[in-house]
Engineer: 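One structure follows; several queries about it will come next.
When a ligand or atom number is given, it counts from 1 through the structure's own listing order.
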Amino acid sequence: MKLAILGGLSACCLIAGAAAAQAPVVEKVDPPNWWAGHTVNPVRLLIRGRNLAGARMECPRLACGAVKVSAAGTYAFVDVTVPTGRAAGSYPLTLRTAAGSAPVPFAVSAPLPPNGRFQGFGPNDVMYLIMPDRFANGDTSNDEPAVSRGILDRSKPRRWHGGDLAGIRQRLPYLKELGVTAIWMNPIYDNTNELDRREIADNEPTTAYHGYHARDYYAVDERFGDVAAFRQLVDEAHRHGIKIIADMVANHTGAYHPWVTDSPTPTWYNGTAEQHLANTWQTWTLADPYGTPAERRETLDGWFINILPDLNQNDPEVSRYIIQNTLWWIGVSGMDGIRQDTWPYVPRTFWRDWMTAIKRQYPGVRVVGEVLDGDPTMVAFFEGGRPQFDGIDDKVDALFDFPLFFALRGAFAQGQPIRQVAHMLSRDRLYRNPSSLVTLIGLHDVGRFMGERGATPEGLKLAFTFLLTTRGTPLIYYGDEIGLPGGGDPDNRRDFPGGWPADPRNAFEPSGRSAAEQDVWAHVQKLTRLRAQRADLRGASTENLHVGEQSWVYRRGRSVVALNNGTSPAEVRLPAMELAGDALGLCPAARRDSGGVTLTIPARTGCIF
Ligand SMILES: [Ca+2]
Ligand SMILES: [Ca+2]
Ligand SMILES: [Ca+2]
């Protein structure tokens, strides 16, 4: 939301002299609206403008507190109380100084009916990650918006490509057909509008097509759509039985955020563009019982990649701004969950407060945090639901299972022993609730599964068989369901074939897929359907029946999963048990004799009995 409102009489005519006070100008109001009966009341507005020194507010039919103005007179904080039962509608406020006045647009909104909204996510879901710029271009009219021209180029992997919210909405039937029940999208905040000359890659300035360089936390990037389009996507996804999980970034803003050159408070960021620490990613220090605040400072306060301005959540105004902003996105859209970026680099006291505020207003909404670490002791350290040695409980609902991710890539892509996957799963003893983890074989920050040395479609299918039959909430990275190739960032973010009107083929349709792509796609669909049918496959109960170097048989309730990651058929001998046929149709029936059961698992194949 951007406003350019010149308020009051021109100051020149009121006061003579060179030092004449100028009339106040209001440019932006965060948040632009709030709700009656909300758990956050009063709501604190952050008003951006000019000549705000000495401001007081007039708030008809609402109540406003004292105004706090930044030293430069460019920001004003004010608490607005929305009395219980205030009807939805426009409630214009007035900011007044000795030199004049300016209107402050503000609205009270009707809360969205909670039924079918704010649903959370969990092991019953199949999550699907979409990079909005790279999935489908459903609206070519927003490809080159007026505020931001000349930075779209599909031939360049670090430029904008034109995908948007309309494209995702149009592909909901595709996702439903695949068996997806929850979409996580990379951030849709309004991002940097120009070529980023502070972040150079391959000798070229980059763009913020990925969404992680916010310049306005209260707007959707004009290339993706607007807040109404987001709400429309959430509503239509819900009609398809699909939940929406939005990506949020509380650790840092983009380098071009207006706060960087003029901050609302002197301690808004940790450091300044000229003088700041660099994040050295010494995440272990955060979990070090012998550490000191000084030891952790670089990791908590350092600027990400030494470029992204680090927000200071210990400044109560910053903390309050982020909390309100999160509640605002949930409230205006009816979305179901949040993926929070770079979890470790923010003080855990803030996460505790942030999580508490979310649950107070929206108890059903769930959050998954990003702790990109292969060490399960580090992921377990940040797990919510229990205080750590410092007495702090992050309270986060879920984390990504990166330790398992690395083991899966090693085994199923590179061909290392499958035993290491079982070995990693044994570390579940470290977690309070291993089933809360979000499991994955790929996402936007790592090279594609098929980009690994040694990766094959058979290995990919086997990895999916494991992913959809193990504990946790499985995540599919867009395009992995057709074995999309790609190396590291940005090659792992190729456009989905068929997402653009002029694409030579459309892989959203079976006719647009190669035989190999269709084979993987049909396999994934079969697995999502089996998982939907069999609660056991989504449950917490797992029992190893056999763990070999390259073969693994585990029981999940009444289902038995048999995996062979070797390059020749495996024969596995099990104690006598009842085993129905393989639901995937890939393994011969178990052979029974007086002493037990023998399974024959073809090379690089997984079966579900
Ligand atoms: Ca577009
Ligand atoms: Ca933008
Ligand atoms: Ca930080």
Engineer: Could you tell me if Arg134 sits above the aromatic ring of Tyr209, with its cationic atom closer than 6.0 Å to the ring centre and no more than 45 degrees from the axis?
Structural biologist: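 Yes - Arg134 lies over the ring of Tyr209, closer than 6.0 Å to its centre and within 45° of its axis.
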Engineer: Is it true that some N/O/S atom of Thr140, main chain or side chain, lies under 3.0 Å from the Ca ion (ligand 1)?
Structural biologist: no
Engineer: Backbone or side chain, does Thr192 get an N/O/S atom under 3.0 Å to the Ca ion (ligand 2)?
Structural biologist: no
Engineer: Report whether any nitrogen, oxygen or sulfur of Asp216 sits less than 3.0 Å from the Ca ion (ligand 2) (N, O or S, backbone or side chain).
Structural biologist: no
Engineer: Do Asp143 and Asn137 get their side chains close enough for a donor-acceptor pair, meaning under 3.5 Å?
Structural biologist: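 Side chains of Asp143 and Asn137: pair found under 3.5 Å.
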Engineer: By atom name, which N, O or S atom of Asp139 is the nearest to the Ca ion (ligand 1)?
Structural biologist: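 Going by distance to the Ca ion (ligand 1), the closest N, O or S atom in Asp139 is O.
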Engineer: What residue among Tyr218, Trp328, Tyr321 forms side chain to side chain donor-acceptor pair (under 3.5 Å) with Asp30?
Structural biologist: Tyr321
Engineer: Could you grab the protein N, O or S atoms closer than 3.0 Å to the Ca ion (ligand 3) for me?
Structural biologist: Asn251 OD1, Leu300 O, Asp310 OD1, Asp310 OD2, Tyr345 O
Engineer: Strictly under 3.0 Å, is the Ca ion (ligand 2) approached by any N, O or S atom of Ser148?
Structural biologist: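 Looking at Ser148, which is the residue asked about, there is no N, O or S atom under 3.0 Å from the Ca ion (ligand 2).
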Engineer: Give the atom name of whichever N/O/S atom in Glu222 sits closest to the Ca ion (ligand 2).
Structural biologist: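 Nearest to the Ca ion (ligand 2) within Glu222's N, O and S set: OE2.
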Engineer: Pairing donors with acceptors under 3.5 angstrom, does anything connect the side chains of Tyr345 and Asn279?
Structural biologist: no
Engineer: State whether Arg223 contributes an N/O/S atom found under 3.0 Å from the Ca ion (ligand 1).
Structural biologist: no
Engineer: Out of the N/O/S atoms in Asp221, what is the name of the one closest to the Ca ion (ligand 2)?
Structural biologist: OD2
Engineer: State the atom name: nearest N, O or S atom of Asp164 to the Ca ion (ligand 1).
Structural biologist: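 For Asp164, the N/O/S atom sitting closest to the Ca ion (ligand 1) is OD2.
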Engineer: With the Ca ion (ligand 2) as the point of reference, which N/O/S atom of Asp190 is the closest?
Structural biologist: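 Nearest to the Ca ion (ligand 2) within Asp190's N, O and S set: OD1.
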Engineer: Asp394 side chain to Val396 main-chain N or O, any donor-acceptor pair under 3.5 Å?
Structural biologist: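 Not a single qualifying donor-acceptor pair exists.
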Engineer: For a 4.5 angstrom cut-off between non-hydrogen side-chain atoms, does Leu399 reach Glu370?
Structural biologist: no
Engineer: Other residues, nucleotides and ligands only: do more than 12 of their heavy atoms fall within 6.0 Å of CZ on Arg505?
Structural biologist: yes
Engineer: Write the atom name of the N, O or S atom in Asp143 that is nearest the Ca ion (ligand 1).
Structural biologist: OD1
Engineer: Can you tell me if Asp489 and His210 form a side-chain donor-acceptor pair at under 3.5 Å?
Structural biologist: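 Checked: Asp489/His210 side chains show no N/O donor-acceptor pair below 3.5 Å.
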Engineer: Hey, is the Ca ion (ligand 1) within less than 3.0 Å of some N/O/S atom on Asn137?
Structural biologist: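 A backbone or side-chain N, O or S atom of Asn137 is under 3.0 Å from the Ca ion (ligand 1).
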Engineer: Using only heavy-atom distances, determine whether the side chains of Tyr75 and Glu317 contain a donor-acceptor pair under 3.5 Å.
Structural biologist: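 Tyr75 vs Glu317: no donor-acceptor pair found between side chains.
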Engineer: Has Lys243 got its NZ or CZ under 6.0 Å from the middle of the six-membered ring of Phe121, at an angle within 45 degrees of the ring axis?
Structural biologist: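 No; the conditions do not both hold, so Lys243 does not lie above the ring face of Phe121.
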Engineer: Angle class for the Phe304/Trp281 ring planes (parallel below 30°, perpendicular above 60°, tilted otherwise)?
Structural biologist: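 Correct class here is perpendicular.
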Engineer: Return yes if some donor-acceptor pair links the side-chain N/O of Ser90 with the main-chain N/O of Ala107 below 3.5 Å, else return no.
Structural biologist: no
